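Not measured: the values here are computed from a predicted model. Note on naming: letters A, B, ... go to the chains in the order of the sequence lines (proteins, then strands), and numbering restarts at 1 for each one.
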Amino acid sequence: MAEYNAGIIEPKWQKYWEENDFYKTDENGKKKYYVLEMFPYPSGKLHMGHMRVYSIGDVLARFLTMRGYSVLHPMGWDAFGLPAENAAIENNVHPADWTYANIEAMKKQQKALGISYDWDREVTTCSPDYYKWTQWLFLLFYKRGLAYKKKASVNWCNKCATVLANEQVENGGCWRCGEEVIVKDLEQWFLRITDYAERLLEDLKLLDGWPERVRIMQENWIGKSEGAEIEFTVSGSGEKIPVFTTRPDTLFGVTYMVLAAEHPLVDKLTQGTEREAEVRAFVEKTRKLTDVDRSSTEMEKTGVFTGAYCINPLNGEEVPILVGNYVLMGYGTGAVMGVAAHDQRDFEFAKKYNLPVRIVITPKDHLLKAEEMDAAYIDDGVMVNSAQFDGLANEEGKRAITAELENKGFGRAKITYRLRDWLISRQRYWGAPIPIVYCEKCGTVPVEEESLPVELPNDVVFKQGGQSPLASHEGFLHTACPLCGGSARRETDTMDTFICSSWYYLRYTDPHNDKQAFNREKNDAWVPVDQYIGGIEHAILHLLYSRFFTKVLHDAGMTEAVEPFTRLLAQGMVNKDGAKMSKSKGNVVSPDEIIAKYGADTGRLFILFAAPPERDLDWSDRGVEGCYRFLKRVWRLVDRYADVATQKGEIGNIEGAEQELRRAIHGALKKVTEDIEERFNFNTAISAVMEAVNAAYIYMNEKEDNIHAGVMAEALNILVLMLAPFAPHLGEEMWQRLGNADSVHHQPWPLYDSSALQLAEVEIVIQVNGKLRGRLTISAGLSSEEMQAMAMSDSRIAELIEGKQIVKAIAVPGKLVNLVVR
RNA sequence: GCCGAAGUGGCGGAAUUGGCAGACGCACUUGACUCAAAAUCAAGCGGUCUCUGAUCGUGCCGGUUCGAGUCCGGCCUUCGGCACCA
């Protein structure tokens with residue numbers, strides 16, 4: 001008898017798969033399924049999070065292949081990014097060399113895990129034949145008016161020496177290094193994602209295959225609010241101040257106006273007045289605060305009077321204009337109408353500066369009194385102190401006042417989104433250059449498509465903490481203007497790497513195309529991705545950007561799809577001892593050491609068995625041992641009976657132990673099929689296989705060498721087929737040992753025999769007043785009445801109900817009888 | 001503050017439609033095999049008690065129901081997201 005030796009069989013089958021182009025995508029006909037795991041950043045080493053996401057994807061890909069689908073299951077590299085540049089600075093290696101070496105190392109690890117990727121479709125975002133099309137897509141956006149350059153207050157990370165998009169700021173810190181983000185005014189490139197805000201929001205409804213929490217996060221991020229834009233007029237100068245409000249119904253309650261410190265009117269209103277110095281000092285102080293401090297709810301609301309007044313368009317009243325620290329220039333119009341009675345922030349501000357509180361909405365059952373309020377009244381109610389609108393329900397009032405404003409030309413209904421345009425410029429070298437040149441005569445000019453890619457120069461020098469080397473690379477910098485041929489200067493910023501990853505799943509469908517980003521027909525044959533798998537950390541970032549790209553490309557006629565990912569699985573983290581694996585905690589377990597000690601099959605099995613995929617998983621060395629034991633146990637069983645089982649006798653009429661075994665095997669098969677296909681519950685699927693193996697051991701211990709060859713042959717073959725997606729190497733080995741030709745991974749998934757599941761007798765539970773009082777084995781298919789009669793004639797039950805009256809009886813066929821007695 | 005998720009044995013987890021709580025695995029205990037150990041095979045394994053049985057038990061309090069881990073109402077704790085968004 002041969003021992004199970006993963007160290008020998010795993011490389012053997014990996015070599016066999018590689019030499020036979022085993023996982024080449026089948027493009028012919030059949031129903032398609034696109035399984036995709038988020039491609040990794042090539043850091044150089046796989047961690048357990050990678051192992052988990054690939055294991056999940058691989059089980060699905062292999063299972064669906066067996067179910068008869070043409071499966072697309074590719075892999076690639078999110079290969080641009082800052083770590084490569086930092087490595088260049090620290091270790092004096094070129095980012096390209098560093099990156100490609102890492103890719104080789106990680107690919108080797110992925111192969112050692114036995115994942116079924118079609119490597120012919122590998123994409124690498126830092127390769128010129130990929131980023132050529134990233135640049136081409138940028139130009140497409142530019143031509144469609146979706147890429148523009150503007151000067152704006154942007155988030156800057158000093159440590160990374162670059163700007164960041166809004167989505168890339170977490171709690172005021174840089175998403176990558178945690179460094180506190182500061183605000184700078186810079187001229188930068190943006191993508192007009194806000195043009196797609198409504199569709200990005202609306203189409204979340206199509207994504208019922210996504211976790212609800214991810215949809216909600218995106219919904220909150222887009223942050224739609226409906227309301228009105230209302231114009232106030234500055235007394236004297238006639239200057240307009242538009243404000244956005246969700247509560248136009250409270251317009252008659254406005255008692256002041258607040259501007260953001262950055263509001264352009266602040267200077268105009270105060271220049272040359274006696275208040276200038278005080279206002280300027282306040283503005284300076286406010287602008288110096290970091291965004292974190294400024295946006296903290298704890299922060300006291302402060303402000304200063306500008307000396308100017310403005311006029312409420314509906315009641316003609318003059319109210320003072322202040323500058324306040326709680327108004328943000330980046331949202332709405334940068335100005336807020338102050339309604340102290342009905343907005344908590346305004347209320348606090350008004351109390352501090354003794355501004356009047358005027359009630360215009362009141363609850364139905366009692367009248368509010370301003371002097372008795374200790375918080376704003378923000379609920380619905382009836383309008384008061386609002387001239388002709390008095391008595392209206394405030395929801396009605398919103399519409400009525402907006403209509404009145406529109407009539408008089410002082411305002412209109414307006415929808416505002418929290419979502420900002422996507423800032424994509426990065427002041428770094430290791431990214432796709434933005435294909436734009438600046439000509440003295442012609443201004444901003446896009447590079448012509450024929451000249452793409454704008455390649456990164458290789459001969460660059462990196463300086464510690466410094467500027468991008470592109471900015472000082474003479475050969476890169478100077479070029480001819482595509483329009484006039486005159487001397488021009490290249491854009492030296494590169495693109496946010498999230499752009500590269502916003503379309504890679506489309507490139508997989510046609511990865512070698514050198515004429516187009518991808519062919520429409522090939523794309524439509526596979527896209528959208530049927531099942532996407534990755535970490536929750538991309539709930540907004542990558543997943544929102546990719547949705548945006550897909551919609552723009554759909555509008556440009558390049559893809560049929562309006563959404564890129566039909567179903568999304570956000571897998572949980574891999575922890576150890578209750579904490580995230582990290583070097584500093586010393587609780588890191590690497591896939592390499594697991595493969596070396598137990599083999600990839602054991603590691604994969606454990607990672608899928610220990611928890612459902614979307615939940616966090618606690619690594620347990622003991623648990624891994626258990627999975628290893630299980631695989632050895634299966635192998636011993638197969639090895640012992642393989643020679644008998646290859647005779648494959650007929651099953652024929654069976655009873656007793658044989659029938660039991662068949663029921664266990666087919667029952668497990670049913671459960672495994674449903675758990676993978678419908679519920680993604682790999683953990684319970686594996687436990688079902690374990691139960692089936694246990695049943696086979698019970699049978700073995702009873703019959704030893706007198707087993708029924710036909711039944712055993714069927715049992716072993718089904719066991720191996722069920723296990724193959726989870727433990728692909730051992731699957732092949734056992735399949736071969738059972739005397740089968742071809743590969744186990746090319747077999748159709750077995751169908752369970754429902755007749756094997758039917759029981760002649762079932763055990764039911766008897767309850768008295770809802771309490772478990774006995775069990776009874778009865779023949780299957782008895783009616784409720786018969787079950788009840790049998791329950792009552794059971795001696796123990798009869799004793800319990802003796803002398804009592806049966807008030808009610810419930811009988812669930814095949815399950816239980818409950819007698820309610822008094 | 002707002003939004004969301006989760007709380008089940010010593011541990012990871014299961015219970016899919018309201019119907020036997022704790023499948024499967026880990027740990028532990030015992031037996032077989034062995035000179036012995038490892039490996040393996042087998043049995044047991046929520047608490048309490050007057051232990052062939054009863055009783056309590058799925059974060060807490062209450063409700064609906066013949067019957068609740070599952071449904072409803074109100075809390076508590078932990079985690080995640082957003083956070084002066086007008």
Per-nucleotide protein contact string for nucleotides 19-28 of chain B, where B marks a base within reach and S marks sugar-phosphate only (heavy atoms under 4.0 Å, - for neither): BB--BBSSS-
Whole angstrom value for the distance that separates C1' of B/rA86 from NZ of A/Lys301: 12 Å
Bracket string, RNA chain B, 5' to 3' - pairs by Watson-Crick or G-U geometry under 3.5 Å, | interstrand: (((((((..(((......[....))).(((((.......))))).((((...))))..(((((..]....))))))))))))....
Proximal nucleotide (of B/rG81, B/rA86, B/rA54) relative to the A/Tyr331 side chain: B/rA86
Parallel, tilted or perpendicular: ring planes of A/His342 versus A/Tyr377, cut at 30 and 60 degrees: perpendicular
Euclidean distance for P, B/rA5 against B/rC56 (whole angstrom): 33 Å
Whole-Å C1' distance, B/rU78 and B/rG73: 23 Å
Nearest-Å distance once atom C1' is located in both B/rU29 and B/rA68: 35 Å
Proximal nucleotide (of B/rA14, B/rU55, B/rA86) relative to the A/Leu328 side chain: B/rA86
Rounded P spacing from B/rA32 to B/rA38 in Å: 14 Å
Separation between the C1' atoms of B/rG13 and B/rU58, rounded to whole Å: 13 Å
Flag, side chain of A/Tyr256 to backbone of A/Leu355, donor-acceptor distance under 3.5 Å: no
Check: A/Arg52 side chain, A/Gly572 main-chain N or O, donor-acceptor pair, under 3.5 Å: yes
Torsion-based syn/anti label for B/rG59, 90° from 0 as limit: anti
Short side-chain N/O contact from A/Tyr326 to OP1 or OP2 of B/rA86, under 4.0 Å: no
Gap in Å between the two P atoms, one belonging to B/rC71 and one to B/rA14, rounded: 16 Å
Spacing of A/Lys771 atom NZ relative to B/rA68 atom C1', expressed in whole Å: 14 Å
Mutual orientation of the aromatic rings belonging to A/Phe498 and A/Trp175 [parallel < 30°, tilted 30-60°, perpendicular > 60°]: tilted
Nearest-0.5 Å distance, CG of residue A/Leu207 to CZ of residue A/Arg567: 12.5 Å
Note: A/Glu660-A/Arg663 ion pair, threshold 4.0 Å (strictly below): yes
Plane angle bin for A/Phe349 and A/Tyr326 - parallel if under 30°, tilted between 30 and 60°, otherwise perpendicular: tilted
Among B/rA14, B/rA83, B/rC41, the nucleotide that comes nearest once only the side chain of A/Arg418 is considered: B/rA83
Backbone N/O of A/Cys174 and side chain of A/Asn155: donor-acceptor pair under 3.5 Å: no
Distance-only donor-acceptor test (3.5 Å): side chain A/Lys808, base B/rU65: no
Distance, C1' atom - from B/rC33 to B/rC41, rounded to whole angstrom: 8 Å
Chi-based syn or anti call at B/rC51, which uses purine or pyrimidine torsion atoms and a 90° bound: syn
Minimum-distance nucleotide to A/Lys671 side chain [options: B/rU40, B/rA15, B/rU16]: B/rU16
Atom pair CG/CD1 of A/Leu819 and A/Ile766 - distance to nearest 0.5 Å: 7.5 Å
Distance, C1' atom - from B/rC24 to B/rG62, rounded to whole angstrom: 36 Å
Geometric class of the A/His542/A/His538 ring pair [parallel <30°, tilted 30-60°, perpendicular >60°]: perpendicular
